[in-house]
Amino acid sequence: QVQLVESGGGLVQPGNSLRLSCAASGSISGIGTMEWYRQTPGKQRDRVASISNGGSTSYVDSVKGRFTISRDNAMRTVFLQMDSLKPEDTAVYYCRAFLGGRSYWGQGTQVTVSS
């Protein structure tokens, strides 16, 4: 079993930054790709960024150049550095991890971008 716990969300003004963290625990030997998703009320959960075990990254077009995903395998943590935040980035952000043919989700952290 894998547990994922996100942290770092909050209220921030447009143009500012936040750094989200997702810590993995449990039976995580061999954990693979880790991802960040976000979801707003009434809409589907969309992928924001991914990072493979080898460090390859990908991003949705709307966050390219503003968000950076990284991971610390020793600390079993994945990060999402969010810069130049916009009101449309407001959402609940979820961490997802792949292991043994299954995926696991965290409980989410709220990010609100507003003046």
Side-chain angles (χ1 to χ4, degrees):
Q1 194 74 345
V2 176
Q3 294 82 43
L4 301 173
V5 178
E6 300 99 334
S7 61
L11 172 63
V12 65
Q13 292 187 337
N16 285 357
S17 299
L18 277 177
R19 189 190 196 210
L20 305 183
S21 299
C22 172
S25 62
S27 301
I28 61 173
S29 177
I31 197 166
T33 294
M34 299 184 77
E35 301 180 321
W36 286 98
Y37 281 69
R38 63 187 179 188
Q39 187 173 26
T40 54
K43 294 190 176 181
Q44 68 179 19
R45 192 173 296 184
D46 292 325
R47 189 186 68 87
V48 174
S50 302
I51 185 166
S52 71
N53 227 355
S56 297
T57 60
S58 65
Y59 301 89
V60 66
D61 285 346
S62 60
V63 308
K64 283 181 180 177
R66 299 189 298 121
F67 290 12
T68 304
I69 189 171
S70 61
R71 67 191 290 171
D72 184 330
N73 288 330
M75 296 176 63
R76 305 167 178 177
T77 303
V78 63
F79 306 96
L80 187 66
Q81 177 67 39
M82 304 186 295
D83 298 321
S84 303
L85 281 161
K86 304 176 181 180
E88 51 264 44
D89 295 318
T90 295
V92 178
Y93 283 72
Y94 296 89
C95 174
R96 185 184 190 187
F98 291 84
L99 175 64
R102 291 185 56 184
S103 69
Y104 299 86
W105 292 91
Q107 83 291 347
T109 185
Q110 176 70 47
V111 172
T112 302
V113 184
S114 175
S115 56

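Throughout, residue positions are numbered sequentially from 1 according to the sequence presented. This structure is a prediction, so every number in the text was calculated from the model and none was measured.
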R96 and S103 side chains, donor-acceptor separation under 3.5 Å: yes
Test item: N16 and L85 side chains (from C-beta on) under 4.5 Å apart, heavy atoms: no
Distance col, row Q81:CD vs I69:CD1, nearest 0.5 angstrom, shows 12.0 Å
Measure the CE-CZ distance between M34 and F98 for me, rounded to the nearest 0.5 Å. 10.5 Å
On a heavy-atom basis, which atom in S21 and which in T77 lie closest, and how many Å separate them? CB-CG2, 4.3 Å
Q107 side chain to V5 main-chain N or O, any donor-acceptor pair under 3.5 Å? no
Closest approach of T33 and S50, non-hydrogen atoms and distance? CG2-CB, 4.4 Å
Close side-chain approach of S114 and L11, heavy atoms under 4.5 Å: yes
Should L4 and Y94 count as side-chain neighbours, where that means a heavy-atom distance under 4.5 Å? no
Donor-acceptor pair, N53 side chain versus I31 backbone, under 3.5 Å? yes
Cluster question for you: counting only ILVMFWY and a side-chain heavy-atom cut-off of under 4.5 Å, with indirect links fine, are V92 and L18 together? no
Under 3.5 Å, side chain of E6 to main-chain N/O of G108, donor-acceptor pair present? yes
K86 bridged to D89 by N-O distance under 4.0 Å: no
Could you pull out the closest heavy-atom pair between R38 and S62, with the gap in Å? NH2-OG, 3.4 Å
Find the distance between CD (Q39) and CD (Q44) and round it off to the nearest 0.5 Å. 8.5 Å
Does V113 share a hydrophobic cluster with Y59, counting links as ILVMFWY side-chain heavy atoms below 4.5 Å and allowing steps through other members? yes
For S58 and R47, work out which heavy atoms get closest and say how close. OG-NH1, 3.2 Å
ILVMFWY cluster, L80 and V60 together (side-chain gap under 4.5 Å): yes
Just so I know, are the side chains of Q110 and T90 near enough to count as touching, which here means a heavy-atom distance under 4.5 Å? yes
Could you see if W105 belongs to whatever hydrophobic cluster contains L99? Use Ile, Leu, Val, Met, Phe, Trp, Tyr and a side-chain cutoff under 4.5 Å. no
Under 3.5 Å, is there a donor on one side chain and an acceptor on the other for E35 and Y37? yes
Inter-residue atom distance K64.NZ - T57.OG1, 0.5 Å rounding: 10.0 Å
Taking the side chain as everything from C-beta on, heavy atoms only, tell me whether Y93 gets closer than 4.5 Å to C22. no
If you take all heavy atoms of S17 and D83, which pair is closest and at what distance? OG-OD1, 2.7 Å
